[in-house]
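Quick notes on the structure that follows.
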Amino acid sequence: MPDSDTAAPRVRFAPSPTGYLHIGGLRTALYNFLFARRHGGVFILRIEDTDRSRFVDDAEADILSALDWSGLAFDEGPGKPGRVGPYRQSERRALYAEHAEQLVRDGAAYLAFDTPGELDLMRDRLATEANPNPRYDATTRLAMRNSLSLGDEASARLVNDGVPYVVRLRVDPGSDVRFTDSVRGEVTFSTDAVDDQVLVKSDGMPTYHLANVVDDHLMGITHVIRGEEWLPSTPKHMLLYRAFGWEAPAMAHLPLILSPAGGKLSKRNADTLGIPVFTSAYREEGYESSALLNYLAFLGWNPGDDREVYTLEELVQVFSIERVGSAGVHFDVAKLQWFNLQHLRSVDPTEIAARSRPALEAAGITFDASYTARVVALLSERLAFPQDLATTWRWFFDDPVSYEEQGVRKRWKEDSAGLVRTLADRMPSDEGFDHDGLESVLRDLAEERGIGAGRIIHPVRLAVSGVTTGPGLFELLVVLGRDTCVRRLVRAAECLG
RNA sequence: GCCGCGUUCGUCUAGGGGUCUAGGACGCCGCCCUUUCACGGCGGUAACACGGGUUCAAAUCCCGUACGCGGUACCA
């Protein structure tokens, strides 16, 4: 329906299966998704697997499952055929070859026979302090082995002899390439600074530059939304569109996600700071996908008002590419965790309980769905992650094995053991074992002894939980149940004296 | 080195010439909730990189410098 409307945008997320889905990649996918949904357009997933030397076998499966987990459903892509497939570049080789041939015929590209060794030699020869990275361009190409320097007959002979070659874009210096970027405005590059980019590698595979332009055109992509690392190669793409005589899609280059330590978020400078770089790790750490997406959406974009907590559906309603910022953004786990807390609040306790099961069982706790759900409900907004039940809140499942030292020093007095024992003796029977019943028993005891309620409340909390923090005392006692409470009170009285 | 992009509290940001003694959120700190608390309420800390212009008026426009980031591959 939307794809039959020519006015509807078509966007794509085009990851390379050279690794698992990076968190920055997820954000790029998210912005593409939001843009497509916001404008009633089509969101396409395209696998850019043209680098067979860096190909990772299960990367595509990881990308697919990460997208599925986060709810970024694509309309067309591998396993979801559309009219412009296939959606894996390795399955589109013939298309690139045809187009590369066309460029060569038109004189916009040429054949180059230089071996990797020869290229190194050229760079070594030409490299100076002032120019450490010599380019293969108009200033150097005539000194190299290509169809321009050798002539058509000579190069045809080489091709016939089976000499490997690449196809390079012929970039004419002396002009400017100008385009409007939706997030940065007008951007200009001089063709003097653009090299004769390789379009087809000697293994016959296209490079990203060729494949991306050919596919975006053939797939009817109207808006290219990608990371800023692509900005410097955009002039090459523009030159290609021009050479093919095609209209270029609108461009939007997203600010990069930076590590708090500086630089792109990578395994090296992020993992060590506790910031996972792969999407799957966020799932494993117990994040809500909606919270991750919410956080990612706000990394480089904001709706312009003070509201920050949004579901994916709500983000679709307010997203606009114009409000995307242009400066690099630092990843902040603390804020992500806050978003997670916000999102977890709206998840049903039964569901959270179910999700905590693996962690509880790994901790040796026998899973009890209804009891766990009651604990979750009691903890409500205090619970940051389902698996925290097995750590921070473990005492809801196992008797405390120790008592927080500082808490004992501060709250456990000479009379505590006696008070706790007395309370254990007076624990109401099953019918009276509720919030009010417990409170009156405790307060009566305080009054009887002529002491403040806190004198009993604090030791009791310590006795049953081992710590000094948690939900309201009476509510938690009710959840723990009479037998557990009595047992823990008596035990604490013995241990702490 | 060269090319490009960027620069408002520690972080994410609002701001698009006067309403800015710069607002919000996270974090942090304090107080309150006389039962706790990582919850909640209240309050606080903290920023327009620097230098020149333009203008009656600049965080907002222009130039330069510094700094950061990206690119500079037969990787994407």
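By convention in this document, chain letters (A, B, ...) are assigned in the order of the sequence lines, proteins followed by strands, and residues within each chain are numbered from 1. Every value quoted in this text rests on a predicted model; they were computed, and no experiment measured them.
- Among B/U35, B/A76, B/C26, the nucleotide with an atom closest to any side-chain atom of A/Ile457 is B/U35.
- Atom NE2 of A/His330 and atom P of B/G70 are 10 Å apart (whole Å).
- Looking only at side-chain heavy atoms (C-beta outward), A/Phe13 and A/Leu21 come within less than 4.5 Å of each other.
- Near RNA chain B, meaning a heavy atom under 4.0 Å from it, residues 161-182 of chain A has A/Val166, A/Arg168 in order of number.
- Across all strands shown, B/G68 is found opposite B/C5 as a Watson-Crick or G-U wobble partner, with both distances under 3.5 Å.
- Pair assignment for B/U21 gives none, since no Watson-Crick or G-U wobble pairing has each distance under 3.5 Å.
- With contacts defined as side-chain heavy-atom distances shorter than 4.5 Å, the pair A/Leu45/A/Pro15 qualifies.
- Here A/Trp230 and A/Tyr208 bring their ring centres to under 6.0 angstrom of each other.
- Distance from the side chain of A/Arg184 is smallest for B/G6 among the nucleotides B/G6, B/A38, B/A73.
- You'll find that the side chain of A/Leu258 is closest to B/C69, out of B/C69, B/G10, B/A38.
- One donor-acceptor pair, N or O on each side, does fall under 3.5 Å between the base of B/C75 and the side chain of A/Arg54.
- Donor-acceptor pairing under 3.5 Å, judged by distance alone, is present between the side chain of A/Arg461 and the base of B/U36.
- Pairing for B/C33 is absent, with no Watson-Crick or G-U wobble pair whose two atom distances lie under 3.5 Å.
- The side chain of A/Trp338 sits closest to B/C26 out of B/G6, B/C69, B/C26.
- Annotation for A/Ile63 and A/Pro17: closest pair CD1-CA, 4.4 Å, computed over non-hydrogen atoms.
- If you look at A/Tyr31 and A/Phe319, their ring centroids are closer than 6.0 Å.
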